[in-house]
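By convention in this document, chain letters (A, B, ...) are assigned in the order of the sequence lines, proteins followed by strands, and residues within each chain are numbered from 1. No experiment lies behind these values; they were computed from the predicted model shown.
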Amino acid sequence: MENFLQELNKSQQDAVLYNEGPSLVIAGAGSGKTRVLTYKIATLLESGYAPYNILALTFTNKAAREMKERIAGLVGLPLASRLWMGTFHSVFSRILRANADRIGFTSDFTIYDSSDSRSLIKSIVKDKGLDDKLYKPSSVQAIISNAKNALITPAAYLLNKELMESDMYSKRPLIQEIYQTYWNRCLRAGAMDFDDLLLYTNILFRDHADVLERYRSIFRFVLVDEYQDTNFAQHLIVRQLAREHGRICVVGDDAQSIYSFRGANISNILNLKDEYPGCRTFKLEQNYRSTRNIVSAANSLIEKNKEQIRKNVYSENAEGSKIEVLNAYSDYEEGYFVANRILEMHSSDGYVFNDFAILYRTNAQSRIFEEALRKRSIPYRIYGGLSFYQRKEIKDVISYFRLAVNPHDEEALKRIINYPARGIGDTTLGKIIECGVKHDVSLWQVIVSPLEYALPVNSGTLGKLQKFRELIEDFIEENRSLDAMEIAEIIIRRSGIFKEIFSDRSVENISRQENIQELMNGIQEYCSNRREEGNEHISLVDFLAEISLATDQDTEEDGTSDKVTMMTVHASKGLEFKNVFVVGLEEDLFPSSLSKSSESEIEEERRLLYVAITRAEENCVLSYAATRYRNGQPTAMPPSRFLKDIDPCYLKLPSALSSGNKIPGLDREPHFGKYTSHASIYRNKTTGSRSSFPMWDAEMSASTSSLKKVSSLVSSSTESEERTLTSIGNISVNARIRHDRFGEGTVVEISGEGDNCKVGVEFDQVGKKQLLLKFAKFTVI
DNA sequence: AACCTCTACGTTTTT
DNA sequence: CGTAGAGGTT
C-alpha cells in the first residue's frame, strides 16, 4: 500500500485516504482523477471492504472497463471483477432484473433504445389520429424523457399544472395522454427505455423499503465518477443509497459539465455539501496531462464563465508551443489544412497517427475530414455516427434475439414479423396493434390467441401468423437450454435471414454478411470473456442486456493499428491525445445555434470547448472556416466568440492575415467578399473551368461534383438510347481512371446501360474489377 | 410486396 | 447536401 501512495501528490493522497465520511473531490482536467479513484478503491479493499461491498458508478462503459482494468492491476482480477462497477444504467438494470417482480416486470425485460422508443411514440401518435407535425415524435420523446428524469410518472404529469399548461400553450394538450399510453405499452411489452432504468430504480427503492435496506447494507461504500453529469434521478438514487451511512465519495469537475441537455444538473455537485453533512472537499489542481501553455489557455477561456467553483488548475510540465489558430476559406479547405498539418507533424516531428485527434461539435462534420484524410492516405477511425447496433441487418437479427427472450417485445416484433417476407403486411400488423390496444394485451398475446381477441383476419393470414408464432415459440424453447452462440446460429438459419442475406454475393449483401459475421464474432467473444470470469452457461439474455447498453464507443479497438481519431467533443471526454485539432470554431456551430438563447447554454458550450482543449497533451490547433455548406447552401460563418475568450498571448494566430493579435474576421465583415468568390469556385467546378486557387485544382480534381458530372452524362445518354459501348459519358475504353480505394487503372470494357451501366477496369494494383457506375467513386484522369 | 422517384426535412451533444 | 419517408408504379 505504501508504494501506491508514493505515486500520488499530497492532495491526491488526502483524497484517497479520507474514507471516514462523505467527500467531494473536485478534479481539474488531467489532474489524475481516475488514478485517485482506482487507488481509493484499492485502499478500501486493503482495509477490509469486500469487493461486493463497493459500488462504483461511471457514465460510460469504457470508463468502467478502464477503471476495472487498472484496479485489477493493483489487486488482481478475481477481486476487481467482483466489484459493483459500471454505468448507472448497467448496474441498476442488473438490480431491476433481480427485483423485477416487485415493479410489475419479469427479469427478462427488454431495454428499448432511443429509436425503439421513438418508433413506439410515432405509432401511438398515429393510432390516436394526431398530427405528427404538431406532435413530432422526437419532441414528444424529449418531453417524456425530461419528465422521467424528473421522476414524473404519467399520473404525476397529469397533476403537474406547470407541465400541463406548458403543453396547452404549445397547442399539444394530449402529450400527457401519449405519455400514459407509451407507459402502458412499454409495460405490456415488458420493456424499459433508458430513462426507465433510473426511474424504476427510484420507484423500487421508494416503494420497497426492504429492497432499499438490502442494497444499502450491501453497498457499504459508494463512489461516483463524473458527478457533474448526474441528473435528478441518478442523484436521488445515490442519495437513497448513501446518505444514511455517509460513506460516499463523489468525483467531478463542474468545468466539464457538458450534458445538461439530457438532464444533467450541475447543482447536484455544487450543492453536495448541503446534502451530506460533514462532507469534506478535496481539490486536485495539478494538471499532469498538458503543457503549461495549454492549461493557461484553457484557464483563460473557462474564466469567462460565471457559474463555477473557483480553482487554480496549473501545470508543471514544459511550457510547450502556443495554440495554433487556423482560418480557412471554406469547410473543404479546413479539411485540407488539418490533413496537411497532420502529415507535416507526422513526418517532421516524429508523431504517429495515434497521437492525433480531430474533435468536432457535430457528427455531420466528420465527412469532410474523412474525405481530406482519405485523399492523403492518412488512416483514421471515427467514433460515433450510427453505431454498429443501429445498422438495419443487425437490428433485425437482434430483434429475433429479443423475441426469443421476451416475445411481448413490441418493437422487435413489429420489426421482423414480416422480415424476411412472410406475407404479413402492414394491414395485418395494424389490425394486431389495434386489437392489442383494445384488449390491453401485448401483440404477442394477440398472435397466440387471435380468436380469443377476435382478430379480424382471413384464414390465410391466420395460417401465416400461426407459422410465425411457431417459429418464435421454437426459438423460445431452444433458448431455454442453449448457449447464446448456439441459439444465435439457430435463429439466423431458421428465421430465413441466412437465406435472405447469404444466398448471393451482391455488393450490398457482402457488407451485410460481414456485419452479421461481426455480430457473431461479438457473441463468441462475449461468451469466452464470460467463461474466463467463471460462468458456465452464457445465455442470450445476458448478451442482450450487455449490448442494449453498449455504444459503439465500447466496441473493442485493436490497439495495434495506427490511426487518427475523429469524434465529437462530447465523446472525447476523459480521453487524451498528444495533438488535438478542434475544428469548426464558428458562431452557430460552436457554439451551436441551438444553444445561444441563454447565458447558461453559452456557458455549457464554453465548457465544451474547455473539455476539447484540455484533451491535448502537447499541441492544440483550433480551426475555423469562413464559409461552410449548411443545408446544401454555402453559408458565411463568423468565427466563434470563444476564440476571443482565450487570452491571445497563448495563441499563434494565422500569419497571412494577422495584424497584431486580431482574429481575422472577428472585428469586421470581410466574409461577404470571400464568400462570393467562393461561390464562384463552386460554380466553376461544375462547369468544368478552373478556379484561380491552385490548391483547389490539386485537391478537388476528384471531387464529388466531377463525379456528378459523369453520372449526369450517363443518364442523358440513356435517354437518347445511345448504346455505344466503347464510350459512355466521358469514359471510354482505354481511359485512365482513379478510384478512391483501388487506385489507378485502365478501362477495358463498358457494359449495361442506365443504372446498370458497368465498367470493367484493370487496376494497376489490385487487378480487374467491375464497377457499377451508379455507385463507384472514381474520376477520369 | 418490392422497387423507384420525389419531396420534405433537418443538423447538437448520448446512456 | 444527405437522408428518410411518403407516395406512386410495376
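Nucleotides dT13(B) and dA4(C) have their P atoms positioned 14 Å apart, rounded to a whole Å.
Within 4.0 Å of F59(A), counting heavy atoms only, lie sugar-phosphate atoms of the nucleic acid but no base atom. Residue contacts for L359(A): at a heavy-atom cut-off of 4.0 Å it reaches no nucleic acid atom on any strand shown. Nucleic acid contact class of K596(A) (heavy atoms, under 4.0 Å, all strands): none. Looking at heavy-atom distances under 4.0 Å, S593(A) makes no contact with the nucleic acid at all.
Atom CG of D426(A) and atom C1' of dG7(C) are 13 Å apart (whole Å). Rounding to whole angstrom units, CG of residue D229(A) and P of dT14(B) are separated by 12 Å. Rounding to whole angstrom units, NZ of residue K148(A) and P of dT15(B) are separated by 18 Å. Look at CD on Q228(A): it is 20 Å from P on dT13(B), rounded to the nearest Å. The NZ atom of K62(A) sits 14 Å away from the C1' atom of dT14(B) (whole-angstrom rounding). Atom C1' of nucleotide dA8(B) and atom CD of Q633(A) are separated by 15 Å, given to the nearest angstrom. Rounded to whole Å, atom C1' of dT12(B) lies 16 Å from atom NZ of K573(A). Straight-line distance from the CG atom of L609(A) to the C1' atom of dT12(B): 15 Å, rounded to whole Å.
For dT14(B), the OP1/OP2 oxygens have no side-chain nitrogen or oxygen of S114(A) closer than 4.0 Å. Under 4.0 angstrom from either OP1 or OP2 of dT15(B) there lies no side-chain N or O belonging to N61(A).
A search for side-chain contact (heavy atoms from CB on, under 4.5 Å) contacts involving A150(A) returns I152(A), not counting sequence neighbours. Every residue meeting the salt bridge (charged side-chain N to carboxylate O under 4.0 Å, His left out) condition with D396(A), not counting sequence neighbours, appears here in chain and number order: K392(A), R415(A). Here D113(A) pairs with S115(A), D116(A), F194(A), Q390(A), K395(A) under the side-chain contact (heavy atoms from CB on, under 4.5 Å) rule; sequence neighbours left out. D542(A) is linked by a salt bridge (charged side-chain N to carboxylate O under 4.0 Å, His left out) to nothing, counting only residues two or more places apart in sequence or in another chain. K414(A) is linked by a salt bridge (charged side-chain N to carboxylate O under 4.0 Å, His left out) to E410(A), E411(A), counting only residues two or more places apart in sequence or in another chain.
Checked by atom type and distance alone, the side chain of S548(A) pairs as donor or acceptor with a backbone atom of A545(A) at under 3.5 Å.
If you find the closest nucleotide of DNA chain B to G425(A) and to H89(A), the one lying nearer the 5' end belongs to G425(A).
In this structure, of dC9(B), dC1(C), dG5(C), it is dC9(B) that holds the atom nearest to the side chain of K133(A). Of the listed nucleotides (dT15(B), dA6(C), dT12(B)), dT12(B) has the atom at the smallest distance from the side chain of S592(A). Among the nucleotides dC9(B), dT12(B), dT15(B), the one closest to the side chain of E605(A) is dT12(B). In this structure, the nucleotide among dA1(B), dT15(B), dT13(B) sitting nearest to the side chain of N418(A) is dA1(B). Nearest to the side chain of R367(A), among dT15(B), dT3(C), dA1(B), sits dT3(C). With dA1(B), dT14(B), dT12(B) as the candidates, the nucleotide lying closest to the side chain of A421(A) is dA1(B). Checked against dG10(B), dT14(B), dT12(B), the side chain of K136(A) finds its nearest nucleotide in dG10(B). Taking every side-chain heavy atom of T60(A) into account, dT15(B) is the closest of dG5(C), dT13(B), dT15(B).
Remark: the Y259(A) side chain and the H570(A) side chain contain no N/O donor-acceptor pair separated by less than 3.5 Å. Judged by distance alone, the side chains of S114(A) and Q141(A) never bring a donor and an acceptor atom under 3.5 Å apart.
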message: T635(A) vs R628(A), test: side-chain hydrogen bond (donor to acceptor under 3.5 Å, both in side chains). Steps then yes/no.
response: CA-CA 5 Å; T635(A) 314; R628(A) 175 177 299 278; over 6 Å; no

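In this structure, Y259(A) does not pack face-to-face on the six-membered ring of dT14(B), missing the 5.5 Å centre cutoff or the 30° plane limit.
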query: So what's the dot-bracket for DNA chain C: Watson-Crick or G-U pairs under 3.5 Å, [ ] if a pair crosses, | if it pairs off-strand?
result: ||||||||||

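No hydrogens or angles were tested; on distance alone, a donor-acceptor pair under 3.5 Å links the side chain of R361(A) to the base of dT13(B).
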